[in-house]
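One structure is given below, encoded as structure tokens.
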Amino acid sequence: MGNVILIGFMGCGKTTVGLRLSYRLRKPVTDTDKEIEREEKRSIADIFASDGEEYFRRKETECLRKLIKSVRNHIVSVGGGLPMREVNRELLHELGQVFYLRAKAETIYERLQGDTTRPLLQCSDPQEKIRVLMEQRDQHYKDAADVIIQVDGKSFEQILNEIEALHHNRTIGRTN
């Protein structure tokens, strides 16, 4: 299959790493959030506001099922909450090799300060919300991951080099 799957908390760099890795490996990039927005013809924030988080989480599962049938040799970046559902963790493994881009809560807060496009952070104390959500999600991310890459203090070049080396080593000798 050859798909590289990027998971991790919002703000950990999945989108940027995905785009840069796409150029480097000459593989198309697919972002599950963008796929859902395109299908729904509205933003994630609008989906959350009008239909709620549970509806959005079901759309994520549907999106993964479609991708398993349709994408080969892609970079796939997924929304931060997608690995929370057990079914999604199983589907991620079917889809490809899963890389968890892991960052500290302080790094995430620094990157997302003032970002109004993240529905889950529209609260009185976003720093605390980040810390709590990361604690809740970390084990699920670990369970979904084939590889964990700590991204704090690393350049995008270093992160890309790690992913490329680990993905290359896994795909040598594979026939599918």
Side-chain angles (χ1 to χ4, degrees), residues 1-36 44 57 59-112 118 120 130-131 133-176:
M1 185 180 294
N3 292 324
V4 174
I5 316 303
L6 303 174
I7 68 169
F9 199 76
M10 63 182 103
C12 71
K14 297 181 302 286
T15 300
T16 303
V17 169
L19 289 171
R20 292 181 181 199
L21 199 57
S22 171
Y23 287 113
R24 183 184 278 204
L25 299 180
R26 294 186 178 97
K27 295 182 178 201
V29 66
T30 301
D31 182 301
T32 59
D33 283 351
K34 286 182 178 35
E35 291 293 312
I36 292 168
I44 300 298
R57 299 302 173 200
K59 296 305 290 182
E60 287 179 318
T61 302
E62 288 175 24
C63 182
L64 284 179
R65 288 191 168 115
K66 289 176 187 174
L67 292 176
I68 287 169
K69 294 176 183 175
S70 64
V71 301
R72 301 289 180 270
N73 278 328
H74 276 230
I75 309 298
V76 180
S77 176
V78 307
L82 186 144
M84 297 306 293
R85 298 177 91 182
E86 184 176 351
V87 64
N88 290 350
R89 293 191 296 274
E90 293 166 7
L91 292 169
L92 286 169
H93 286 292
E94 266 186 70
L95 187 56
Q97 186 180 19
V98 183
F99 290 85
Y100 170 16
L101 303 183
R102 192 170 192 233
K104 294 178 183 169
E106 299 78 25
T107 301
I108 299 297
Y109 179 71
E110 189 176 295
R111 290 179 180 179
L112 297 181
R118 315 281 180 156
L120 293 176
I130 289 168
R131 189 189 61 70
L133 284 172
M134 287 183 78
E135 284 177 12
Q136 291 171 351
R137 293 179 177 188
D138 188 58
Q139 189 58 52
H140 295 295
Y141 291 150
K142 288 177 184 174
D143 292 344
D146 294 307
V147 178
I148 299 171
I149 296 180
Q150 193 67 40
V151 299
D152 297 293
K154 290 182 182 170
S155 69
F156 282 114
E157 189 68 21
Q158 290 170 308
I159 296 165
L160 295 173
N161 288 341
E162 280 186 55
I163 293 172
E164 186 175 19
L166 293 165
H167 180 63
H168 179 73
N169 288 340
R170 181 172 183 216
T171 57
I172 292 174
R174 290 183 64 183
T175 56
N176 59 345

Self-check item: Distance in Å, L101 CG paired with I159 CD1, rounded so as to fall on 0.5 Å steps
Solution: 6.5 Å
Considering only distance and modelled atom types, tabulate donor-acceptor pairs under 3.5 Å from the side chains of residues 6-21, sequence neighbours left out.
from: K14; atom 1: NZ; to: G8; atom 2: O; distance (Å): 2.8
from: K14; atom 1: NZ; to: F9; atom 2: O; distance (Å): 3.2

Self-check item: CD1-CG distance between I5 and L95, expressed to the nearest 0.5 angstrom
Solution: 3.5 Å
Quiz item: With sequence neighbours left out, what residues match S22 under side-chain hydrogen bond (donor to acceptor under 3.5 Å, both in side chains)?
Solution: none
Quiz item: Taking D146 for the side chain and V98 for the main chain, is one N or O donor matched with an acceptor at less than 3.5 Å?
Solution: yes
Quiz item: Can you tell me if Y141 uses its side chain to pair, donor with acceptor, with the backbone of M134 under 3.5 Å?
Solution: no
Quiz prompt | Separation between CE of M84 and CG of D143, rounded to the nearest 0.5 Å | solution = 10.0 Å
Exercise. Mark yes or no for whether R85, through its side chain, and R57, through its backbone, hold a donor-acceptor pair below 3.5 Å.
Key: yes
Self-check item: Non-neighbouring partners of E62 that pass side-chain hydrogen bond (donor to acceptor under 3.5 Å, both in side chains), sequence neighbours left out
Solution: K59
Exercise. Any chance you could measure D33, atom CG, to E60, atom CD, to the nearest 0.5 Å?
Key: 6.5 Å
Quiz prompt | Partner residues of K34 under the side-chain hydrogen bond (donor to acceptor under 3.5 Å, both in side chains) criterion, sequence neighbours left out | solution = none
Quiz item: Do any N or O atoms from the side chain of N3 and from the backbone of V71 form a donor-acceptor pair under 3.5 angstrom?
Solution: yes
Quiz item: Who are the side chain to side chain contact (heavy atoms under 4.5 Å, CB included) partners of D152, not counting sequence neighbours?
Solution: A103, K104, T107, Q150
Quiz item: With a 4.5 Å limit on heavy-atom distance, are the side chains of H167 and K27 in contact?
Solution: yes
Exercise. Report the residues that fulfil side chain to side chain contact (heavy atoms under 4.5 Å, CB included) with S155, sequence neighbours left out, ordered by chain and then residue number.
Key: E157, Q158
Self-check item: Spacing of L67 atom CG and R72 atom CZ [to the nearest 0.5 Å]
Solution: 10.0 Å
Practice problem: Please identify each residue that fulfils side-chain hydrogen bond (donor to acceptor under 3.5 Å, both in side chains) with D138, with sequence neighbours left out. | Solution: Y100, R102, K142
Quiz item: Any ring pair (Phe, Tyr, Trp, His ring centres under 6.0 Å) pairs touching residues 14-34, not counting sequence neighbours?
Solution: none
Quiz item: Hey, is the main chain of D31 close enough, under 3.5 Å, to the side chain of S77 for a donor-acceptor pair?
Solution: no
Exercise. Start with the C-alpha distance between N161 and R24, add both sets of side-chain angles, then the distance that settles side chain to side chain contact (heavy atoms under 4.5 Å, CB included), and finish with yes or no.
Key: CA-CA 10 Å; N161 288 341; R24 183 184 278 204; 2.6 Å; yes
Exercise. Determine yes or no for a side-chain-to-main-chain donor-acceptor pair under 3.5 angstrom, with H93 supplying the side chain and A144 the backbone.
Key: yes
Quiz item: Can you name the salt bridge (charged side-chain N to carboxylate O under 4.0 Å, His left out) partners of E162, sequence neighbours left out?
Solution: K154
Quiz item: Sequence neighbours excluded, which residues qualify as side chain to side chain contact (heavy atoms under 4.5 Å, CB included) partners of E110?
Solution: none
Exercise. Could you please spell out the steps behind the side chain to side chain contact (heavy atoms under 4.5 Å, CB included) verdict for L64 and V76?
Key: CA-CA 10 Å; L64 284 179; V76 180; 5.6 Å; no
Practice problem: Go through E106 and I130 one step at a time and tell me if the side chain to side chain contact (heavy atoms under 4.5 Å, CB included) criterion holds. | Solution: CA-CA 9 Å; E106 299 78 25; I130 289 168; over 6 Å; no
Quiz prompt | Listed partners of R65 passing side chain to side chain contact (heavy atoms under 4.5 Å, CB included), at least two apart | solution = T61, V87, L91
